[in-house]
Amino acid sequence: MLCFRKPQVEDGPSIWNLVKDSTLDLNSTYSYLMMCRYFADTCIIAEQEKEIVGFVNAFLEPDAKNTLFVWQVAVVESQRGKGLAANLIKRLLQAEACKDVCFVEATVSPSNLPSSSLFCGLARDLDTRCEISECFSADLFPGGKHEEELLYRIGPF
Ligand SMILES: CC(C)(COP(=O)(O)OP(=O)(O)OC[C@H]1O[C@@H](n2cnc3c(N)ncnc32)[C@H](O)[C@@H]1OP(=O)(O)O)[C@@H](O)C(=O)NCCC(=O)NCCS
């Protein structure tokens, strides 16, 4: 059975491991600990038998508290395609910390079809629009190996 809860600092290493096993950019362990400690109210994890099988790391944008920026979302491979990522975001939107939220933003690289489908599907389910615009161009990422990141803005809802 799946259970959903806010992350705690102790969940940081497992979230880091889940990201390491995914196609997402792996950030420092510190960044995941920081999210768990300082942004827990706008993050959510799904657990199955004490194992983290999915999470959403997000925060309210400092200049627009009605906008939830979804920084990273990942689901373990065995649980993908069952609606878990969409469910995690929808549950997070029900949290007290998100009571004023009417927009969701996230950046997606053009080749990440699952992620694009996730956010377009969220807009459809919330009966609203998904506007896609330029955000971080490829030349902003040193090394020349990173795709551009497009901004998906979902709302209002
Ligand atoms: C992106 C990711 C989180 C989706 O998780 P998931 O639980 O499988 O997604 P859901 O089952 O909730 O599906 C949401 C939508 O995306 C679609 N989708 C999911 N996987 C897909 C795939 N591989 N190809 C195309 N569409 C896909 C679903 O069909 C669904 O669309 P629908 O509502 O129109 O039916 C998961 O693939 C993942 O962890 N990927 C690696 C990390 C990543 O890229 N994260 C996103 C960037 S922050």
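Just so you know, ligand 1 is whichever comes first in the structure, and atom 1 is the first atom listed for that ligand.
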Considering all protein heavy atoms, does one lie under 4.0 Å from atom 38 (C) of ligand 1? yes
Are any of the protein's heavy atoms under 4.0 angstrom from atom 8 (O) of ligand 1, yes or no? yes
Using a 4.0 Å heavy-atom cut-off, which part of V70 comes near ligand 1: side chain, backbone, both, or neither? neither
Contact atoms of ligand 1, heavy-atom distance to G83 under 4.0 Å: 10 (P), 11 (O), 12 (O)
Flag for T107-E149: side-chain donor and acceptor within less than 3.5 Å: yes
Subset of ligand 1 atoms that lie under 4.0 Å from at least one heavy atom of T23: 41 (C), 44 (O)
What is the closest protein heavy atom to atom 23 (N) of ligand 1, and at what distance does it sit? P114 CG, 3.3 Å
Taking it one step at a time, do V53 and L2 satisfy side-chain contact (heavy atoms from CB on, under 4.5 Å)? CA-CA 9 Å; V53 293; L2 284 175; 3.6 Å; yes
A74, any N or O under 3.5 Å of ligand 1 N or O: no
Are W71 and Y32, when compared by the centres of their aromatic rings, separated by less than 6.0 Å? yes
What atoms in ligand 1 come closer than 4.0 Å to a heavy atom of L84? 7 (O), 11 (O), 12 (O)
For residues 7-33, the salt bridge (Lys or Arg N to Asp or Glu O under 4.0 Å) pairs (sequence neighbours left out) are R5-D11
V73 with L150, same ILVMFWY side-chain cluster at under 4.5 Å: yes
Check: S117 N/O within less than 3.5 Å of ligand 1 N/O: yes
May I ask you to check whether A86 has an N/O atom sitting below 3.5 Å from an N/O atom of ligand 1? yes
Would you mind finding which of L24, D21, L18 brings a heavy atom closest to atom 42 (C) of ligand 1? L24
I'd like to check whether N112 has a polar contact with ligand 1, where a contact means an N/O of the residue lying under 3.5 Å from an N/O of the ligand. yes
Verify atom 30 (C) of ligand 1: protein non-hydrogen atom under 4.0 angstrom away: no
Record the part of K82 in heavy-atom contact with ligand 1 below 4.0 Å; permitted values are side chain, backbone, both and neither. backbone
Would you say L33 and F55 are hydrophobically clustered, going by side-chain heavy atoms of ILVMFWY under 4.5 Å? no
Short N/O distance, under 3.5 Å, between R124 and ligand 1? yes
Nearest heavy atom to atom 47 (C) of ligand 1: which of G54, C120, S115 does it belong to? S115
Please say whether more than 12 non-hydrogen atoms of neighbouring residues, nucleotides or ligands are located less than 6.0 Å from CG in D139. yes
To the nearest 0.5 angstrom, please state how far the CG atom of L92 sits from the CD1 atom of I45. 12.0 Å
Atom pair OG1 (T128) and CG (D125), whose distance is rounded to the nearest 0.5 Å: 11.5 Å
Do any nitrogen or oxygen atoms of G81 lie less than 3.5 angstrom from nitrogen or oxygen atoms of ligand 1? yes
Taking 4.0 angstrom as the limit and counting only heavy atoms of A85, give me the atoms of ligand 1 inside it, by number and element. 3 (C), 4 (C), 5 (O), 6 (P), 7 (O), 9 (O), 12 (O)
Apply side-chain contact (heavy atoms from CB on, under 4.5 Å) to the pair R37 and Q8, showing each step before the final yes or no. CA-CA 7 Å; R37 180 175 170 105; Q8 301 167 345; over 6 Å; no
Near L118, which atoms of ligand 1 are under 4.0 Å from a heavy atom of that residue? 14 (C), 15 (C), 16 (O)
Just checking F136: does its CZ atom have more than 12 heavy atoms from other residues, nucleotides or ligands closer to it than 6.0 angstrom? no
Determine if the distance from atom 13 (O) of ligand 1 to the closest protein heavy atom is below 4.0 Å. no
Would you say the side chain of V70 lies within less than 4.5 Å of the side chain of V56, judging by non-hydrogen atoms? yes
Could you identify which residues cluster with M1, counting Ile, Leu, Val, Met, Phe, Trp and Tyr as linked when any side-chain heavy atoms lie under 4.5 Å apart, either directly or through a chain of such contacts? none
Is the closest N or O pair between V73 and ligand 1 shorter than 3.5 Å? yes
